[in-house]
Asks: 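Quick one: the structure is below, and I'll ask about it shortly.
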2 protein chains.
Amino acid sequence: MDIMELATTSDHSSIVSMNLFVALLCGCIVIGHLLEESRWINESITALIIGLCTGVVILLLSKGKSSHLLVFSEDLFFIYLLPPIIFNAGFQVKKKQFFRNVITITLFGAVGTLVSWAVISLGATQFFSRMDFGDFDIGDYLAIGAIFSATDSVCTLQVLHQDETPLLYSLVFGEGVVNDATSVVLFNAIQSFDVSKIDPTIALHFIGNFLYLFFASTALGVIAGLLCAYIIKKLYFGRHSTDREVALMMLMAYLSYTLAELFYLSGILTVFFCGIVMSHYTWHNVTESSRITTKHAFATLSFVAEIFIFLYVGMDALDIEKWRFVSDSPGTSVAVSSILLGLVLLGRAAFVFPLSFLSNLAKKSANEKITFNEQVIIWWAGLIRGAVSMALAYNKFTSLGHTHLQGNAIMITSTITLVLFSTMVFGLLTKPLISFLLPPLKRSTSVASSDPNSPKSLSVPLLGHQQDSEILLSGQDIPRPSSIRMLLTTPTHTVHCLWRKFDNTFMRPVFGGRGFVPVLPGSPTERNQT
Amino acid sequence: MDIMELATTSDHSSIVSMNLFVALLCGCIVIGHLLEESRWINESITALIIGLCTGVVILLLSKGKSSHLLVFSEDLFFIYLLPPIIFNAGFQVKKKQFFRNVITITLFGAVGTLVSWAVISLGATQFFSRMDFGDFDIGDYLAIGAIFSATDSVCTLQVLHQDETPLLYSLVFGEGVVNDATSVVLFNAIQSFDVSKIDPTIALHFIGNFLYLFFASTALGVIAGLLCAYIIKKLYFGRHSTDREVALMMLMAYLSYTLAELFYLSGILTVFFCGIVMSHYTWHNVTESSRITTKHAFATLSFVAEIFIFLYVGMDALDIEKWRFVSDSPGTSVAVSSILLGLVLLGRAAFVFPLSFLSNLAKKSANEKITFNEQVIIWWAGLIRGAVSMALAYNKFTSLGHTHLQGNAIMITSTITLVLFSTMVFGLLTKPLISFLLPPLKRSTSVASSDPNSPKSLSVPLLGHQQDSEILLSGQDIPRPSSIRMLLTTPTHTVHCLWRKFDNTFMRPVFGGRGFVPVLPGSPTERNQT
């Protein structure tokens, strides 16, 4: 039984499990803090290892009968744990860095995922059809491709750091967010896939679907963020209440996610853009204490949800039921896992290097190009498969009660193996790889270009408005191109300047934002409100 | 199906319900803010009315078949909604005011609840046995007494305000917290109650149980709070991380609640004292941004949980299933509700006035005595029956599938009627009653005695340590009695001074606290940490 069921049945054993789980979360935080000095270990791997150890202890205590304290629940993951993580990522993302690379990110997330999916599906068809361990049809192979081309944004947040490697972070994490939209379209397409009716309009239909999903999800997130900004600006004018502001921001962000799920859109994309809009407008309309509270409360929620996921995956990995079928044929299981790992490596290489080459062609200055070493890190860091792959695999291979088929059991255990292996190995080796491939000099120059506009870089949060207006002035020092020739030579700057003009003239006066919220006595800067 | 089941089953209709519920929560916040100017309406009544209206709309849309969008779930209430509310109340309580009245509070909560229980049980036995609408035994009547003598701390927080009427707030709210411990003991005693074996040791057994529960629950809460303070003081010394600190405080507080439930203690009492200890020690060991974040994040969680409860109670009240049985005999239902209301009024009057008289006898100065007008408000404000009574009634009358017995159905609908009536009528009229009975002059003097030590009264949170040390010095201006004669004449002050000495000599050096956390560069006052 999963933790939500535990909670609603409320017998005594369920309270024992909840206690254990909360105590383990506390333990992970404390141990993670103690291990912070170490450059290899991160919090997610600590949680994963603690989860595995707990699983072993439970297995031994129940004398090998069960480690069924918790079983991975797709809904717990998608409804409660994922939204705060992705929202916080959008809320704290360096917007300038993100939008500067938005074309490359979309290319990686959309075209890249398709390439990876095609490679893995083809490879799986070739290898698994010869191994004779299950009864898969073409739809199953395409689903396997989709499961293992779903990158894990949560792991990316753990191994790459926005402040140390901003370019890599925004590329790999942004790719992960767009990847989700592609995955949703892929899954829907595969579910309604009919082998007998392949015609050329399928590709067009697919592209149309993707574009609809991408723009509709983004629009929903932006609208939710703007609505929240507008409500807080109009309603709370001069009569601010920190509790209500924080509650409203939290609930509206969550509402945007559930609305996206309601309309079969990509909730991840929606809540990510809602976070971006909220950090750009809403966050500047609230009181000083609301700003500090939202910044840290969202980060804390995201932090706890991340640890929760890794602890969960670790504890679930040892569920004895799933391994029973595999124990008859350990060779097959190892072979399947190895083949999948190889395909994941290959599938990612097949798009990272060609697409980086394409992206570099479009860029004039050498400084903006993605170097070969950076490409290697992008390839490496995106190899991690995490809870998203687990959730999709459970959805596909256990949904109709077919867990007891050998083929399905092997796919589930292979997914767990791959998730554990990739999180541990790729997760552990990313930090050393970055220090090896990227000299610190290069990284420190990137830090300087960080965006002072986002909550993340709120380095001196309480200096008030003087500093704000300084940044506003220095922000206008960016050279403004005035002709079409300039638009062609420096397109990013031109788009940025046009956006700034539009933002300052139309958006900020309506929705608020930095420098556009009038400072009144008893208004946003006041600190004594509850 | 309840909302947790909704979440785990994840079909499309469940996502619709979640959307509706989150949207309603947002609506309650906005409308509650707009109605804030009005002196009669408060947020809980707004939520209750919105919930009722939504129930009506659903009933009409489903053509009278069902309003089964959400059914009250005992576990959702006790596991997720109640802990943040009670923890926040402990975290923000004015400690000096609370401990000054601790004897009166315990008297009200323990003896008072017993008196009220006896009156309601006796009255119910007398009236209901003659009405012939159900088949109740003596255990059922005692349970009815316990259900309707459970006061609702959450409503108290909504109708009384700590800053306006600190004495009344601490008395009525504190009584509600102690009331919970008494209720747990009462319920356990009733469940193991055997009519054939009544002997004089039962009372002793009962008192022993209550004392064990009271002190064990308090000790657990205090230990959890101290442990958290110690961990944060030792571990994070000089290397603070706001996210980890906030997460650890939140998780340890929740752990104390679930541990209390695990050991069959009173979780409410535990988490309340955990909140008090955390605000006294832990809160002073963390960074400036952690302080602001915890203060507002806990208040926000509590705020959302409160609105959630009232919305939930409102929506659940119209569940058509329960009212079907009652529709055959509307007269009986009205009579039962009226009798219960009368008994609640009488049961509360039977202890508030005598116990206030006793409490006044022990106090020397006229300023500290509870005036008659204040007694009336204590009586009135504590009449509200809320979600706790609902949860207990559901536990008693629907647990074994006996909902279809007429007697049980009538008891459930009467509980709902009484909860709605008391929340609306007593809730709405408390504010006018206070302004009528207590002249503003009296209230403003009480405000001056507020405790500068609690997070609630952090009026200028970022002035740093200068202000802190000022308060520390002025706190020592309290006259210190030096002899036993003084202990007898001014016992509260003496106990307070002894506690201060003990606190400063033994507790604060170990667990931290205001003025006892060394200020280092890069330590608690630093604001740039994430």
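Naming: A, B, ... by sequence-line order, numbering from 1 per chain.
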Asks: How long is the gap from OG1 on B:Thr300 to CE on A:Met250, to the nearest 0.5 Å?
Replies: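 Going from OG1 on B:Thr300 over to CE on A:Met250, the span is 6.5 Å.
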Asks: Which pairs with one or both residues in residues 19-32 of chain B pass side chain to side chain donor-acceptor pair (under 3.5 Å), sequence neighbours excluded?
Replies: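 Sorted result for residues 19-32 of chain B: A:Thr258-B:Asn19.
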Asks: Show the nearest heavy-atom pair for residues A:Asp243 and B:Phe303, with the distance to one decimal.
Replies: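 Heavy atoms only, the tightest pair is O-CD2, 4.4 Å.
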Asks: Looking at A:Leu248, A:Val304, A:Ile231, A:Ile307, which one has more heavy-atom pairs under 4.5 Å with chain B than the rest?
Replies: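 Winner by heavy-atom pair count: A:Leu248.
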Asks: Could you measure the distance from the OG1 atom of A:Thr242 to the CD1 atom of B:Ile292? Nearest 0.5 Å is fine.
Replies: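 Answer for the OG1-CD1 pair, A:Thr242 versus B:Ile292, is 10.0 Å.
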Asks: So which heavy atom on B:Leu235 is nearest to which on A:His33, and how close?
Replies: O-NE2, 3.5 Å
Asks: If we define contacts as heavy-atom pairs under 4.5 Å, which of B:Leu255, B:Leu301, B:Thr294 has the most with chain A?
Replies: B:Leu255
Asks: Which value, rounded to the nearest 0.5 Å, describes the distance between B:Glu245 atom CD and A:His296 atom NE2?
Replies: 10.0 Å
Asks: What is the minimum heavy-atom distance between A:Thr293 and B:Ala297, and which atoms define it?
Replies: CG2-N, 3.8 Å
Asks: Would you mind checking which part of B:Leu262 comes under 4.5 Å of any heavy atom in chain A, side chain (CB onward), backbone (N, CA, C, O), both or neither?
Replies: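 It is both, since atoms from each part get that close.
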Asks: Which distance, rounded to the nearest 0.5 Å, do you find between the CE of A:Met18 and the OH of B:Tyr257?
Replies: 10.0 Å
Asks: When rounded to the nearest 0.5 angstrom, what distance separates CG in A:Leu25 from CG in B:Leu251?
Replies: 5.5 Å
Asks: Among B:Ala299, B:Ser290, B:Gly32, which has the most heavy-atom pairs under 4.5 Å with chain A?
Replies: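 Greatest number of close heavy-atom pairs with chain A: B:Ala299.
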